[in-house]
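Some notes on the structure that comes next.
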There are 2 protein chains.
Amino acid sequence: MQLKNHVEWALHCCSVLAALPEDERIPAKLLAELHGIPREYLSKALQALSSAGIISGTLGPTGGYKLARAPGRITFLDIVEAVEGKGRTFVCTEIRDNMPCAEKPPAKGKTRRPCAVARVMYDADKAWRSHLQSVTLADLAKTVEKEVPLRVLKGNAEWLAAKRNA
Amino acid sequence: MQLKNHVEWALHCCSVLAALPEDERIPAKLLAELHGIPREYLSKALQALSSAGIISGTLGPTGGYKLARAPGRITFLDIVEAVEGKGRTFVCTEIRDNMPCAEKPPAKGKTRRPCAVARVMYDADKAWRSHLQSVTLADLAKTVEKEVPLRVLKGNAEWLAAKRNA
DNA sequence: CTTATTACGGATATTTATTATCCGTATTTA
DNA sequence: TAAATACGGATAATAAATATCCGTAATAAG
Ligand code: SF4
Ligand code: SF4
């Protein structure tokens with residue numbers, strides 16, 4: 001059980017976009033080159049983020065992506081769910097119905113209370129999501145600013161600027 | 001991202017074993033029939049549980065599986081990690097090293113503090129595991145006893161006993 | 001208007017993980 | 001001795017993740 005690498009890419013890209021001056025954009029090509037990952041494949045992740053309303057893309061030359069709203073209003077959960085889906089990690093296939101003396105499954109349309117096993121797993125899932133929801137891109141930016149040497153931050157920003165004006 | 005169905009099977013089987021009188025055993029064949037799942041495949045999950053020290057299997061006729069320790073000392077996390085592995089759900093491929101102005105990766109043997117992104121994901125993972133660790137098989141048994149009609153519990157127990165003496 | 005550049009989305013191939021089955025070996029009870 | 005069992009290795013089938021390709025529409029600049 002592993003999150004797909006789209007998640008890591010999406011988080012990184014959002015982190016980079018969060019450090020971008022208002023009304024500037026970065027094309028997918030540059031984001032891919034910056035991270036050393038396949039451009040076409042990264043595009044899928046970016047499109048997922050876009051259709052989830054987290055980033056917004058604009059067409060044409062000088063086009064590219066930028067955050068669709070303030071970094072303080074984008075949580076890790078938003079990003080993870082955008083690329084990984086909102087589905088639960090534990091799926092119940094109702095094997096209890098195969099037990100010889102099981103209760104009969106509910107009539108079509110009606111739903112049954114999830115069993116005790118499933119509820120524990122769902123609650124764990126909720127705890128995971130809850131933690132992801134408690135951290136925003138703004139929080140991340142603050143941490144990065146504290147931990148990454150200024151030289152590195154500046155260097156990357158300049159590399160980006162140079163590439164975009166080339 | 002989804003847990004494998006082994007997890008569901010393992011949880012169910014442990015739940016059944018927890019309701020078993022001391023010094024009785026259930027062979028894999030019966031556990032599979034009880035749940036309507038493929039026997040040979042279920043065996044893999046049971047072997048994983050066994051080698052993790054959660055259940056113990058004995059050979060020969062009248063052999064089978066039973067819990068290796070008291071239900072109160074077996075947590076959901078024990079079971080999940082036994083079949084799913086202890087690996088983290090978020091894997092960091094260190095794509096930051098591809099950034100043009102990245103810090104150099106640490107010398108061989110040395111480790112680097114995980115980056116801010118990874119730490120958030122790891123903490124979420126920890127929250128998930130922590131919740132799973134807080135629930136034991138004994139807790140589950142108590143809930144099941146409360147929620148499942150006595151008729152069903154009895155019926156299944158009798159089905160099991162009949163099969164084992166056949 | 002034309003051209004270059006971009007996001008977007010559909011189709012498809014490749015690789016890996018999950019799901020499932022098969023069978024031989026060792027151990028234990030009757 | 002024979003039947004029943006756990007165990008583990010090998011392998012096949014299926015699904016999911018990873019990756020690439022290409023056509024379309026939109027936009028900015030010359
Ligand atoms: S997890 Fe619960 S609901 Fe799902 S199959 Fe098992 S017993 Fe049934
Ligand atoms: S998650 Fe953090 S450590 Fe992992 S690649 Fe991204 S920046 Fe690097």
Side-chain angles (χ1 to χ4, degrees), chain A residues 1-10 13 17 23-33 35-66 68 82-85 87 89-91 93 95 163-166, chain B residues 1-10 13 17 23-33 35-66 68 82-85 87 89-91 93 95 163-166:
Chain A
M1 211 244 323
Q2 218 173 68
L3 290 163
K4 34 188 177 187
N5 54 12
H6 272 173
V7 172
E8 184 181 8
W9 299 352
C13 288
L17 291 176
D23 81 356
E24 290 199 18
R25 300 157 187 289
I26 307 181
K29 190 180 169 185
L30 269 194
L31 284 172
E33 191 181 347
H35 293 109
I37 53 185
R39 177 216 147 113
E40 299 279 359
Y41 190 29
L42 172 63
S43 279
K44 298 300 179 192
L46 295 172
Q47 282 167 34
L49 288 172
S50 173
S51 79
I54 294 169
I55 64 179
S56 86
T58 46
L59 299 180
T62 80
Y65 289 102
K66 67 170 193 123
V83 303
E84 187 70 44
T89 58
F90 179 80
V91 292
T93 56
I95 59 179
K163 277 280 179 179
R164 293 196 308 133
N165 298 333
Chain B
M1 209 242 327
Q2 216 173 69
L3 291 163
K4 36 187 177 190
N5 54 13
H6 272 173
V7 172
E8 185 181 6
W9 298 353
C13 289
L17 291 176
D23 80 357
E24 290 199 17
R25 301 158 187 288
I26 307 180
K29 189 180 169 186
L30 270 194
L31 284 172
E33 190 180 346
H35 293 111
I37 53 186
R39 177 217 147 111
E40 299 278 0
Y41 189 28
L42 172 63
S43 278
K44 297 300 179 191
L46 294 173
Q47 282 169 33
L49 288 171
S50 172
S51 79
I54 294 169
I55 64 180
S56 86
T58 46
L59 299 179
T62 78
Y65 289 102
K66 67 171 193 121
V83 302
E84 188 70 46
T89 58
F90 179 81
V91 292
T93 56
I95 60 179
K163 278 281 180 178
R164 293 196 308 136
N165 298 333

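Order of the sequence lines fixes the chain letters, A, B, ..., with proteins taken first and strands second; residue numbering starts at 1 for each chain.
Applying the ring pair (Phe, Tyr, Trp, His ring centres under 6.0 Å) rule to A:His35 yields the partners A:His12; only residues at least two apart in sequence or on another chain are considered. By the salt bridge (charged side-chain N to carboxylate O under 4.0 Å, His left out) test, A:Glu33 pairs with A:Lys163, sequence neighbours left out. For A:Glu40, there are no side-chain hydrogen bond (donor to acceptor under 3.5 Å, both in side chains) partners two or more places apart in sequence or in a different chain. Not counting sequence neighbours, the partners of A:Ala68 by the side-chain contact (heavy atoms from CB on, under 4.5 Å) test are A:Ser56.
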Inset, instruction - Could you walk me through whether A:Cys13 and A:Leu42 pass side chain to side chain contact (heavy atoms under 4.5 Å, CB included), step by step? - result: CA-CA 10 Å; A:Cys13 288; A:Leu42 172 63; 4.0 Å; yes
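Heavy-atom nearest nucleotides on DNA chain D were determined for A:Lys44 and for B:Gln2, and the one closer to the 5' end corresponds to B:Gln2.
Listed by first then second residue, pairs satisfying side chain to side chain donor-acceptor pair (under 3.5 Å) with a partner in residues 42-52 of chain A number zero, not counting sequence neighbours. Listed by first then second residue, pairs satisfying ring-ring contact (aromatic ring centres under 6.0 Å, His included) with a partner in residues 36-61 of chain B read B:His6-B:Tyr41, B:Trp9-B:Tyr41, not counting sequence neighbours.
Checking the phosphate oxygens (OP1, OP2) of C:dT18, no side-chain nitrogen or oxygen of B:Asn5 falls inside 4.0 Å.
When DNA chain D is scanned 5' to 3' for any atom under 4.0 Å from a heavy atom of chain A, the first and last hits are D:dT18 to D:dA28.
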Tabulate atom names and distances for all N/O pairs under 3.5 angstrom spanning the protein and nucleotides 5-8 of chain C.
residue: C:dT5; atom: O2; partner: A:Pro61; partner atom: N; Å: 3.4
residue: C:dT6; atom: O4'; partner: A:Gly60; partner atom: O; Å: 3.3
residue: C:dA7; atom: OP1; partner: A:Ala28; partner atom: N; Å: 2.9
residue: C:dC8; atom: OP1; partner: A:Ser50; partner atom: OG; Å: 3.1
residue: C:dC8; atom: OP2; partner: A:Tyr65; partner atom: OH; Å: 2.3

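Going from atom OH of A:Tyr41 over to atom P of C:dT12 covers 19 Å, rounded to whole Å.
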Cut-off 3.5 Å, no hydrogens considered: what does the side-chain donor-acceptor table look like for residues 23-31 of chain B, sequence neighbours left out?
residue: B:Glu24; atom: OE1; partner: B:Arg164; partner atom: NH2; Å: 2.2
residue: B:Arg25; atom: NE; partner: B:Thr58; partner atom: OG1; Å: 3.3
residue: B:Arg25; atom: NH1; partner: B:Thr58; partner atom: OG1; Å: 3.1

